[in-house]
Structures are given as structure tokens and as C-alpha cells.
Amino acid sequence: SAVISQKPSRDICQRGTSLTIQCQVDSQVTMMFWYRQQPGQSLTLIATANQGSEATYESGFVIDKFPISRPNLTFSTLTVSNMSPEDSSIYLCSVDGQGALGPLNYGYTFGSGTRLTVV
Amino acid sequence: KQEVTQIPAALSVPEGENLVLNCSFTDSAIYNLQWFRQDPGKGLTSLLLIQSSQREQTSGRLNASLDKSSGRSTLYIAASQPGDSATYLCAALNNAGNMLTFGGGTRLMVKP
């Protein structure tokens with residue numbers, strides 16, 4: 001299965017600023033997914049990022065707040081913009097078991113997460 | 001819309017006990033079901049993946065079963081250890097393979 005490097009692992013940010021989270025995958029993948037996990041809650045999908053096209057956002061999430069880049073088949077970034085304390089969460093990237101070179105069927109793999117605290 | 005529920009939300013057991021975590025889902029048209037472990041403040045580690053055509057998967061002290069028709073999966077942990085303390089999440093993947101829906105998780109504490 002794929003191995004994902006996610007950074008930063010944690011950050012404390014001032015309100016009104018922005019933070020960019022990076023995910024690097026060790027293999028080419030078609031889709032990358034970004035999730036948010038608010039304190040004490042389960043995971044909620046923010047958006048799906050395909051290489052070469054605009055990300056697809058889930059209900060309640062907008063591009064101006066969470067811009068995503070997907071410049072190639074192994075890398076993606078998520079920016080949390082104009083942060084407020086309500087953005088304090090763990091943010092995770094993920095890839096599915098389908099690779100750009102064919103189905104892998106290993107299930108979803110997740111990065112180690114970015115623990116964001118906004119003060 | 002798929003909904004995934006996990007019961008119990010929290011569980012505390014003494015070391016050595018065998019235990020069962022439950023996961024139910026409303027839409028049986030799933031591609032697979034995956035169990036994850038999450039340590040506090042960390043990412044998710046995949047434990048077991050059950051394809052829709054399978055009934056169970058085993059890895060060490062862990063055994064996961066799947067009953068698609070009744071919309072249920074269970075994770076069995078044998079001879080629990082303090083190191084098993086974590087939150088366990090189940091997630092159902094839709095048939096299109098592009099939407100993974102998570103349950104709320106079971107927070108497990110194994111006391112020495």
C-alpha cells in the first residue's frame with residue numbers, strides 16, 4: 001500500500017492567518033482526499049483532489065476557505081485560510097487503493113495528520 | 001446517503017479480556033469495509049480490510065467480520081493489552097469507490 005508523508009505534524013497559529021499542509025505519496029495515485037476531524041468527532045471529507053482539475057468540495061466546504069493544489073500524481077496541499085478557533089482540528093490526507101497505474105485494492109491509506117490549534 | 005454507526009462509543013476493560021466492537025451501516029451496497037486505529041492526535045492506521053465478497057479477515061489477535069445483508073461488521077480483539085488502547089474507526093466504501101463514510105468510533109481503554 002502507499003506511504004504518505006504529511007507535514008507539518010502540528011502547528012499553533014494566530015487567528016486570521018493561513019496554514020498550508022502538504023502530503024507526499026510514494027507512488028502515483030489518481031485521487032487524493034482531504035479530511036477534517038474536529039475534537040472528539042469522526043472524520044469528515046473536505047474535498048477530493050484529482051491531478052489536472054479543480055478539487056471537488058463536499059457540502060459545507062468552499063474553495064476560498066480551503067484551497068487545494070494537486071500539481072502532480074504524488075503531491076497535494078491543503079490551505080486553511082483566514083483561520084479562526086473553530087478551525088482547530090486534525091487535518092488528514094488520504095489515498096485510496098486505486099493507483100494511476102491500476103487498481104491496488106489495499107484500502108485507504110492516511111497520512112499521520114496535522115494537529116492545528118488556532119489561538 | 002450512507003450512515004455508519006459504532007457501538008459502544010467508549011469501552012473500558014481489564015487487560016486480558018476478549019472484546020467486540022460493533023459497526024453498522026445503512027446502505028448494504030458497499031465495495032469494502034475498513035477498520036482503522038487512531039491514537040490520540042494522530043493519523044489513522046489501517047487494521048483490516050474486508051471486501052464485499054468476503055465474510056471475515058484476520059490479523060494476529062484481530063478478527064473482523066462482515067455481514068452485508070444485515071449491514072453489520074464486528075471487530076474482535078482477543079486477549080486485550082494496554083497497548084490496544086486507542087480509538088477504533090470503521091469506514092464503509094461505496095461501490096463507486098470514491099466515498100468513504102466513517103463511523104463515530106469506539107474509544108477503547110485497556111487497564112493493566
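As the structure is a prediction and not an experimental result, all values here were calculated from the model. Labels below follow one simple rule: chain letters A, B, ... track the order of the sequence lines, proteins then strands, and each chain is numbered from 1.
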Given a strict heavy-atom distance threshold of 4.5 Å, which part of A/I90 is in contact with chain B: side chain, backbone, both, or neither?
side chain
Between A/Q37 and chain B, with a heavy-atom cut-off of 4.5 Å, which part of the residue counts as in contact: side chain, backbone, both or neither?
side chain
Could you check whether B/Q34 and B/S46, counting side-chain N and O atoms only, form a donor-acceptor pair closer than 3.5 Å?
yes
For A/W34 and A/S76, test the side chains for any donor-to-acceptor distance below 3.5 angstrom and give the result as yes or no.
yes
Any heavy-atom pair between the side chains of B/L49 and B/W35 that's under 4.5 Å?
no
Do A/T20 and A/T79 meet the criterion of a side-chain donor-acceptor pair at a distance under 3.5 Å?
yes
Joint cluster assignment, A/L19 & A/I63, ILVMFWY side-chain distance < 4.5 Å:
yes
Between A/Q51, A/Q28, A/M32, which is the residue that forms a side chain to side chain contact (heavy atoms under 4.5 Å, CB included) with A/T74?
A/Q28
Residues of residues 58-68 of chain B under 4.5 Å from chain A (heavy atom pairs)?
none
Checking B/L89 against chain A: side chain, backbone, both or neither under 4.5 Å from a heavy atom?
side chain
Charged N to carboxylate O under 4.0 angstrom, A/R15 versus A/D87?
no
Donor-acceptor check, side chain of A/Y108 to backbone of A/F33, threshold 3.5 angstrom: yes or no?
no
Which atoms of B/Q38 come close to chain A, meaning under 4.5 Å heavy atom to heavy atom: side chain ones, backbone ones, both, or neither?
side chain
